Asker: 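Have a look at the structure that comes next, please.
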Amino acid sequence: MLHHGKPWRSMCKGLVLGTLLTSFMLLLYSYAIPPLQVSMTEIPIPYSCSSYPAQAKVPVEANGTRGSPRQGCLPKMDIMFMKTHKTASSTILNILFRFGEKHRLKFAFPNGRNDFYYPSYFERSQVQHYQPGMCFNIICNHMRFHYDEVRKLLPADTIFLTVLRDPAYLFESSFHYFGRVVPLTWKLTGEDKLAEFLRDPWHYYDPNGFNAHYLQNLLFFDLGYDNNMNANSPLVEQYFQEIDQRFHLVMLLEYFDESLVLLKDLLCWELEDILYFKLNARKDSTVSRLTPELYEKATSWNLIDAKLYRYFNATFWHKVDIYGRERMAKDVAELQRENEKMKSICIDGGHPVDASAIQESSMQPWQPLGEKSILGYNLKKKINKKHRKLCRKMLTPEIQYLTDLGVNLWITKLWSRVRDFLKW
Ligand SMILES: Nc1ncnc2c1ncn2[C@@H]1O[C@H](COP(=O)(O)OS(=O)(=O)O)[C@@H](OP(=O)(O)O)[C@H]1O
């Protein structure tokens with residue numbers, strides 16, 4: 001006779017233990033320990049934290065493109081990058097990490113994890129080793145934007161950057177990536193959960209649901225506003241203008257190379273500073289195709305973001321016009337040529353691969369819960385000495401790069417161990 005008792009008992013034990021541990025970790029991960037209380041006595045920050053004080057007094061207006069020639073300008077080192085979700089922001093982060101390392105800049109990093117206690121609002125006390133009056137050059141990890149706090153952290157000459165994406169596609173990406181941590185989606189049962197949700201969003205959505213912000217107007221939320229407000233309120237337009245005044249450059253995923261050319265011009269950087277490989281891409285089989293009908297539904301469901309995107313699409317092309325369309329086309333072509341060269345120098349097979357085919361664990365990207373859908377890369381075995389370091393840096397995923405930069409990531413790492421243990 002078979003003895004069913006033992007396996008059942010250990011399965012139950014495992015289940016209970018797993019549930020308890022997971023609840024504990026989720027709690028810990030979401031709230032963690034409160035940031036260290038530091039004295040908030042105001043000590044003025046220098047006008048510039050860049051090592052070129054001579055340029056410090058050249059004002060850079062948000063909103064406009066400088067008309068002055070590039071020749072003779074000095075690279076800008078004080079940068080605030082508002083890392084929005086699912087907008088190619090990890091690819092931009094990699095660019096900033098490399099630039100920061102190259103110039104030995106001081107990053108304002110989070111403490112214990114890779115974000116600033118998102119979705120809570122940013123507070124400068126969350127910055128690792130923060131003391132009032134300290135000089136930081138770059139802040140670029142995920143946060144919920146809080147302008148006043150960021151302003152009190154960074155020097156006055158800081159350049160503010162962010163990136164947006166067509167909200168229908170962003171919604172599709174976010175729905176896939178964060179679905180499992182949004183309980184509101186758990187009752188969706190069909191094959192195509194996205195289509196089912198969009199058929200009747202209000203049936204599933206509740207603004208007060210846990211992590212509900214991932215489901216509607218995520219860009220507006222990340223930028224610090226109420227993603228559930230009425231899209232037709234006159235306040236919405238006012239907020240767009242506020243963003244326009246605060247951010248010197250709002251990039252667009254759909255025009256990524258053009259965005260980087262504008263970035264390079266604004267920051268007075270070199271072409272090599274903006275070389276990149278696409279990071280955090282998903283395998284095709286996990287991308288829900290948006291039919292024209294679903295695209296429309298996703299757009300009107302994310303109406304504030306759709307309006308936001310439209311607004312900044314216009315400002316973006318205005319900047320391109322000032323830059324010069326022909327000059328832009330030439331510079332984009334040059335960037336693409338150089339990126340292709342780097343691809344052939346660095347990437348094994350020349351393209352991204354499934355997580356299971358990544359040989360080095362240090363090249364494994366962070367995956368969404370329950371699925372290994374994010375692609376990564378293998379470095380070529382033989383890379384000439386000149387490019388070896390650069391190739392590795394360009395392909396290193398965010399978490400590993402943060403570790404290399406000395407960031408304390410104990411919560412992220414503990415969470416990762418629990419996920420490995422539970423095979424999530
Ligand atoms: N260079 C470039 N051009 C176009 N698209 C790009 C690029 N780099 C990344 N991506 C796409 O951006 C999505 C990942 O965004 P993020 O890195 O911001 O994600 S995250 O919030 O940090 O998890 C992810 O989109 P989805 O594949 O739709 O999920 C990536 O494919």
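Index from 1, following the sequence. Source: prediction; values computed, not measured. In each ligand, atom 1 is the first atom listed, and ligand 1 is the first ligand listed.
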Asker: Is the Lys NZ or Arg CZ of Arg113 less than 6.0 Å from the centre of Trp415's six-membered ring, within 45° of the axis?
Answerer: no
Asker: Please examine the side chains of Glu272 and Glu338, heavy atoms only from C-beta on, and report whether any two atoms are closer than 4.5 Å.
Answerer: no
Asker: Once side chain to side chain donor-acceptor pair (under 3.5 Å) is applied, do any residues pair with Ser233, and if so which ones, sequence neighbours excluded?
Answerer: none
Asker: Salt-bridged, Glu340 to Lys343, with N to O below 4.0 Å?
Answerer: yes
Asker: Answer yes when Lys86 and Asp222 have at least one side-chain N-carboxylate O distance shorter than 4.0 Å, and no when they do not.
Answerer: no
Asker: With the side chain counted from C-beta on, respond yes when Tyr147 and Arg246 share a heavy-atom pair under 4.5 Å apart, and no when they do not.
Answerer: yes
Asker: For ligand 1, list the protein residues that place a heavy atom within a distance below 4.0 Å of one of its atoms, sorted by chain and number.
Answerer: Lys83, Thr84, His85, Lys86, Thr87, Ala88, Ser89, Ser90, Thr91, His142, Arg165, Ser173, Leu253, Phe256, Tyr276, Lys278, Leu279, Asn280, Ala281, Arg282
